[in-house]
Amino acid sequence: MSTGRQIVCGHGGQINRLPVDRSPSRRDAYSIAPEEHTMNVDKAVLTFAGFVVLLGLALGPVLAAFDSWLGAAYLCVLAVYAVAVSVSSMTLALRAADARMLPWLPLVYLAIHGGAGAMTTVSDRSARRRALLTAVRAGRDILRAAGSALDAVIEAVRMMEDDPLFNAGFGSLLNSEGGVEMDASVMAFDKRSRGSHVGIKPIGAGAVANVTMIRNPVVLARAVLETSSHVMLAGSGAERFARDVGIERCSPEALISDRARDRFATFRQTSAVTSDGTVGAVALDQTGALAAATSSGGLAGKMPGRIGDSAIIGAGTYAGSLGAASATGFGEAIIKLTLCRDAISALRLCHPQIAADRVVANLGGSTGSVAGIIIVDRRGRLGFAHNATSMEIAYSSSSTAIRHQRLKPIRAAAR
Ligand code: ASP
């Protein structure tokens, strides 16, 4: 991955800005548009009524024309066709309106990433693929069993934090003095929530920065969301809070993997500040709630005390009424552009894939830096993009299938 010291603007200064909705009727970012919901339901009911009328109109002449088995068979085919089209169009319209209206059709929308950065070594490829698939499967199973989007993203990220292949939790990359300093954040949007897992309002957010003794920073970020009146805790205060809420602490050395030691040795020779392997997840659950979580050891060789985007709500993590996003890449650029918030705002106007492409292209064009993002919107549509050398994701977009993908960069990374 490119770094603060190495970055050059590699995109000719071209800035691909997102279109901004300036209409006076622009909705509040946190409100579900009730008119849109009603419109979809109306469309479904009208479609169904239309087919019933058509069937009725067809019935008379056909009966008159065929007083035979052929007529009866024709009518049966017509009836089956009308019912099939009605049910499928109603299903599509209801799915578009609100996931909660399809209890018989469990929706499982989850995507995770293992960081944007350098190409994975050949020896690690299959292990990383397996790790991503295992984490996405665990999250998928939670959603399939009617668990919450928040539970699913926390579990998927927690599993990746425990895996030394990733730059989060155990295996975090080391700062310029050889120490571990980790960031994590989580955000959830649940419009039904009245003081349950996301607090008093429908939006809940929790983050920790610069923690050194916590094996699963994402679990601590969730505790900040659920049991504190704050959004972010840092350093020793966060660690004291962990003790108070019963989250196990460990020695900082216990979080240092052999891989991180090797990377530190490389840093001492080259002084290159690099990163990859940050982890994140986004999910939409069966009730329509959305959540995103991100966790990172940050940049290898960073200054002690540096806080990256993975701890910053709106930059590395965001969830609102329109969708949820998790980012990875050069944190300083992601923070300056509030990448995830920007991507979710763009969902008012476009598909998550277009939003992902645009915000990453904008970041590359305006800062010359590299980043990646994953997005799920409130209809369960997914979007992924990065402009680094490599980024791997895994996702589940039905109740059964899970997939791993090595994403192509949208354009060459600045080097
Ligand atoms: N975004 C992380 C940071 O800057 C690093 C990464 O995603 O690789 O701390």
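Note that the numbering runs from 1 along the sequence shown for the chain. Just so you know, ligand 1 is whichever comes first in the structure, and atom 1 is the first atom listed for that ligand.
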- Part of R306 with heavy atoms under 4.0 Å of ligand 1, whether side chain, backbone, both or neither: side chain

- Thinking salt bridges, do E155 and R158 make one under a 4.0 Å N-O criterion? yes

- salt_bridge(E226, R222) N-O dist < 4.0 Å: yes

If you count the atoms of ligand 1 from 1 in the order shown, which ones are under 4.0 Å from a heavy atom of [X]?
X: D309; result: 1 (N), 2 (C), 3 (C), 4 (O), 9 (O)
X: S275; result: 5 (C), 6 (C), 8 (O)
X: T278; result: 2 (C), 5 (C), 6 (C), 7 (O), 8 (O)
X: T328; result: 6 (C), 7 (O), 8 (O)

- Identified side chain to side chain donor-acceptor pair (under 3.5 Å) counterpart of T294 within the set D183, T278, T317, T328: T317

- Message: According to salt bridge (Lys or Arg N to Asp or Glu O under 4.0 Å), who are the partners of D258, at least two apart in sequence or on a separate chain?
- Response: R261

- Task: Run down the list G308, G329, G331 and name the one with the heavy atom closest to atom 5 (C) of ligand 1.
- Result: G329

- Message: Going by salt bridge (Lys or Arg N to Asp or Glu O under 4.0 Å), name the pairs with one or both residues in residues 305-314, residues two or more places apart or in two chains.
- Response: R306-E332

